[in-house]
Number of protein chains: 2
Amino acid sequence: MVKNTDIRTAFEQVMAEDHEIPAKQKQVLAASLALFAEQGFANTTTKQIADRAGVAEGTVYRRYKTKDELLAALLKPMVTTVLPRLMGEFAQQVATMQDLTRHQLLAALIKNRAAFLAENWQVGKVLINEMLIQADLRQAVIQNAGPIIQKTLYPILDQLRAQHELTALPNDMVCQFIIGTMLTNVMRANLQGDFALFDQRIPYLIEFLDQGLAPK
Amino acid sequence: MVKNTDIRTAFEQVMAEDHEIPAKQKQVLAASLALFAEQGFANTTTKQIADRAGVAEGTVYRRYKTKDELLAALLKPMVTTVLPRLMGEFAQQVATMQDLTRHQLLAALIKNRAAFLAENWQVGKVLINEMLIQADLRQAVIQNAGPIIQKTLYPILDQLRAQHELTALPNDMVCQFIIGTMLTNVMRANLQGDFALFDQRIPYLIEFLDQGLAPK
DNA sequence: CATAAATGAGTGAGCACTCACTTACATAAA
DNA sequence: TTTATGTAAGTGAGTGCTCACTCATTTATG
């Protein structure tokens with residue numbers, strides 16, 4: 001059985017690789033993420049970060065020289081390292097199951113990645129927010145996430161289509177529909193302020209996607 | 001034939017009702033919206049607004065006493081007046097067509113409202129951004145948009161279901177899927193920075209939704 | 001000529017960021 | 001086991017700058 005690292009662990013590992021970050025620095029990163037998610041990056045002061053981290057303001061600036069660097073330190077590893085790893089692990093996991101039906105694949109994908117999405121909605125919020133504003137960040141995300149999706153998801157979809165289990169719609173549209181359906185679900189849960197709803201609706205998502213992506 | 005007001009006109013009407021707003025004030029509103037969409041609300045200074053509007057900084061403050069009031073002036077009519085009116089018009093338009101098939105309804109809905117979405121993506125961006133940050137704005141949107149959707153879309157869906165043309169999934173999920181599919185399409189177009197793609201993909205959206213929302 | 005609209009230099013509050021200094025810790029000599 | 005010493009981590013009062021907002025004055029309008 002392939003191990004399926006969760007995000008928290010993966011993020012910790014990435015941080016650990018970065019030459020032993022001291023405890024207070026991790027508190028700073030955690031406090032930053034929490035506050036950015038709650039209030040937005042631009043509305044969060046470095047004093048607030050220091051206070052929530054239980055740290056002096058100067059400490060916030062020890063490792064990262066500007067507030068922007070701090071933001072980048074949170075977002076970049078998420079996009080360039082954590083996400084690829086998690087997608088790769090999913091692909092491996094699927095590869096071990098032979099002759100999946102469309103329904104089985106979707107159920108596996110959604111249950112697996114939906115949990116990921118919900119757990120990391122904090123980062124997701126911040127990422128979406130900044131992507132709406134910064135064109136260069138959009139570019140960076142496209143150039144990282146795009147290839148990952150193509151490498152991990154497209155082969156699976158192609159195989160499924162060869163078994164006459166999948167719609168003839170282009171792969172990129174299939175991915176758009178799957179990802180979009182999941183993303184919408186988190187956003188609605190966030191809108192309603194109740195993440196229990198998120199889980200309850202998952203069976204509906206699977207049923208809808210299963211039917212919508214069936215071959216004619 | 002029912003007139004289908006576009007957003008710009010509707011917005012102008014709402015503004016006109018507000019007791020004759022002078023030309024320069026409209027320039028301020030337009031400049032604000034453009035800048036908020038480009039850079040985000042928090043990253044936009046009142047000086048920038050004044051410059052783009054071709055106006056002194058004091059003028060920005062004549063009608064709206066704070067920057068937040070200015071934002072509210074842009075978002076509130078959109079949510080409370082413009083959106084309801086446009087949804088109402090769509091419902092009326094659909095009501096005139098008897099015995100719609102699911103495909104016809106979806107095609108009408110998506111072509112109609114997708115154009116709306118694309119045209120107003122500027123406001124949409126700002127709205128999404130602020131909703132991710134302000135809990136009270138989320139509340140306001142829910143309490144306005146929710147009932148509108150229920151009143152305009154649910155009856156149409158119920159009728160369709162009575163004709164055995166629609167899935168048994170709950171109405172709120174059907175709406176989630178329709179809206180989410182459209183929203184995802186704008187967001188991807190925005191991500192790729194090419195709104196021509198938005199239109200090209202519409203036939204795919206219709207095909208996917210038509211199939212996904214068919215009865216078993 | 002009265003009232004509303006517009007101006008833009010000015011103001012003070014709050015913010016990101018700095019830096020001289022203190023504390024914690026590791027290694028090693030006494 | 002103490003003491004010395006170098007290095008990295010942490011501190012928080014201080015600084016200068018940006019920005020939202022004001023107001024005395026000027027300009028348009030009916």
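Please read all numbers here as calculations on a predicted model, not as lab measurements.
- The side chain of B:T59 lies closest to C:dT7, out of D:dT11, C:dT7, D:dA9.
- Taking the six-membered ring for Trp and thresholds of 30 and 60 degrees, A:F177 and B:F208 have nearly parallel ring planes, at less than 30 degrees apart.
- Using modelled atom types, no side-chain atom of B:R188 and backbone atom of B:L183 make a donor-acceptor pair closer than 3.5 Å.
- One can place CD of A:Q25 at 8 Å from P of D:dA9, the figure rounded to the nearest angstrom.
- Among the heavy atoms of the strands, none lies under 4.0 Å from A:V60.
- Protein atom OH of B:Y64 is 12 Å distant from nucleotide atom P of C:dA6, rounded to whole Å.
- The existence of a salt bridge linking B:E38 and B:R52 is confirmed by a sub-4.0 Å separation between a basic side-chain nitrogen and an acidic carboxylate oxygen.
- OP1 or OP2 of C:dC15 has not a single side-chain nitrogen or oxygen of A:Q48 nearer than 4.0 Å.
- A:N43 places a side-chain N or O within 3.5 Å of a backbone atom of A:Q39 that can act as its donor or acceptor partner.
- One can place CZ of A:R63 at 18 Å from P of C:dC17, the figure rounded to the nearest angstrom.
- Straight-line distance from the CG atom of B:D51 to the C1' atom of C:dT7: 13 Å, rounded to whole Å.
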Polar-atom pairs under 3.5 Å, protein N or O versus N or O of nucleotides 15-21 of chain D: list them with distances, or write none.
| unit_1 | atom_1 | unit_2 | atom_2 | d |
| --- | --- | --- | --- | --- |
| D:dA20 | OP1 | B:T44 | O | 3.2 |
| D:dA20 | OP1 | B:K67 | NZ | 3.0 |
| D:dA20 | OP2 | B:T46 | N | 2.8 |
| D:dA20 | OP2 | B:T46 | OG1 | 3.1 |
| D:dC21 | OP2 | B:Y61 | OH | 3.4 |
| D:dC21 | OP2 | B:K67 | N | 2.7 |
| D:dC21 | N4 | B:E57 | OE1 | 3.4 |
| D:dC21 | N4 | B:E57 | OE2 | 3.0 |

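- Checked by atom type and distance alone, the side chain of B:Q48 pairs as donor or acceptor with a backbone atom of B:T45 at under 3.5 Å.
- Summarising the geometry, the separation between CD1 on A:I49 and C1' on D:dG10 is reported as 17 Å, rounded to the nearest angstrom.
- Here C:dT22 presents its C1' atom at 12 Å from NZ of A:K24, a figure rounded to the nearest Å.
- A straight line from CD of B:Q27 to P of C:dA5 spans 15 Å, rounded to a whole angstrom.
- Because its NZ or CZ atom is both nearer than 6.0 Å to the ring centre of A:F116 and within 45° of the ring axis, A:R113 counts as a cation-pi partner of that residue.
- Computed from coordinates, the A:R62 CZ to C:dT22 C1' distance equals 12 Å when rounded to whole Å.
- B:K67 places a side-chain N or O within 3.5 Å of a backbone atom of B:T44 that can act as its donor or acceptor partner.
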